[in-house]
Amino acid sequence: MAVASTSLASQLSGPKSLSSYSGLRLSCSKLESSHSLSATQSLFQHLHSHLRLSSSSRKASRGVVAMAGTGKNGTKDSISKLVADLNSAKLEPDVDVVVAPPFLYLDQVKSSLTDRIELSGQNSWVGKGGAFTGEISVEQLKDIGATWVILGHSERRHVIGEDDQFIGKKAAYALNEGLGVIACIGEKLEEREAGKTFDVCFQQLKAFADAVPSWDKIVVAYEPVWAIGTGKVASPEQAQEVHVAVRDWLKQNVSAEVASKTRIIYGGSVNGGNSAELAKKEDIDGFLVGGASLKYTDYKSQMQHTTINAHLFLISFPIFLIFLVASYSSISSTGWFNSGYRPSQREAVQRAGRGGSSSSPWGVAILLVLLLVLVSYQSSVHSKWFGGRSD
Ligand SMILES: O=C[C@H](O)COP(=O)(O)O
């Protein structure tokens, strides 16, 4: 089974962006043009299409797409736009999609998001709700309609200081209360460089395994810390190597069935461009995507500005030409450039026969305006000049 999860914005300020996706698909299809799609729809389409590239026999039957973003970038307005995009995105039936907005926006998202997409918290308290000021309990997440929670994210581990055992307890509590858990693991750069990647991941995994009652509702998210929000995505080989090791660890330490069924998704600078190669890997069952959606939004916004500017240019340039030609005609007729020059009687007669010196340039200019306006809206030219990105 594969899962798709989306978290709209993380609670922490940081370099990352608004959303994360993950997903898995098994077929291959040519990417459709994303020109008319929103940023979010475009990213989803790319991830879905890329997941279809896999021909793996092991691939989970369902994929996972998760979205998350930074608190400083999430606003009621931006989240409402993202939700609108998600609601109209084409979601493949065999991909689970989960959105994990900052707590502040959970209710807004839940009340406006289609039931097709599930809701996740970005964190939860370790036990039953009570006097833990500033914390969000599992009960509250459930009350608001969330069905998932992300636990063990690198920022919770390395910025807030949560340790493996504390995270394991959180997972156990959330699972016991009926939430699904996106269990994050991953090594820091120095740990990778010291050859400790597997050790670190296994230790974090063991803390989950020691605490949780069941693996039925756990999705493991491998997120190398050095790849999160940095633009340095793990190579497909690097990610696959760890995913295989995680699966082997589960087989050795939990059960062959859990190893086979548990979806292991990758997170860390995933975008529509690099997800294709990652998705081809046998053991990559989906993605946890953070910054990509915001970048696509920025890109879309830039494209809109570029398009508007280009249209303004197309309209204003002919107008400029008209005035230029009119001015030149006027100047010519007043003889500013032709001091001392007097047209012959024959030239004067010919000019009069053409209806005056300015009528022809004006006609040409107006025709030029019409042509350029028409051409700018002609679909093939429009597509060529203003078409969407290819990745
Ligand atoms: O929560 C999101 C993940 O940590 C990945 O973030 P990113 O895609 O911005 O690297």
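We use all heavy atoms of the structure for the numbers below, so side chains are in, but hydrogens, waters and symmetry mates are not. These numbers come from a predicted model, not from an experiment. In each ligand, atom 1 is the first atom listed, and ligand 1 is the first ligand listed.
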Visitor: Using a 4.0 Å cut-off to any heavy atom of Glu223, which atoms of ligand 1 qualify?
Guide: 2 (C), 3 (C), 4 (O), 5 (C)
Visitor: Please check: side-chain N/O of Arg156 versus main-chain N/O of Glu162, any donor-acceptor pairing under 3.5 Å?
Guide: no
Visitor: With a 4.0 Å cut-off on heavy atoms, is Gly267 in contact with ligand 1?
Guide: no
Visitor: For ligand 1, which atoms have a heavy atom of Gly229 less than 4.0 angstrom away?
Guide: 7 (P), 9 (O), 10 (O)
Visitor: Are Lys142 and Glu177 within salt-bridge range, i.e. N to O under 4.0 Å?
Guide: yes
Visitor: Identify, with sequence neighbours excluded, every residue that meets side-chain hydrogen bond (donor to acceptor under 3.5 Å, both in side chains) alongside Asp77.
Guide: Lys81
Visitor: Tell me, please: is His153 in heavy-atom contact with ligand 1, that is, under 4.0 Å?
Guide: yes
Visitor: Are the side chain of Lys217 and the backbone of Leu175 linked by a donor-acceptor contact shorter than 3.5 Å?
Guide: no
Visitor: Keeping to residues at least two apart or across chains, list the ring pair (Phe, Tyr, Trp, His ring centres under 6.0 Å) pairs with something in residues 217-244.
Guide: Tyr222-His243
Visitor: Closer than 4.0 angstrom: is that true for some heavy atom of Ala227 and an atom of ligand 1?
Guide: yes
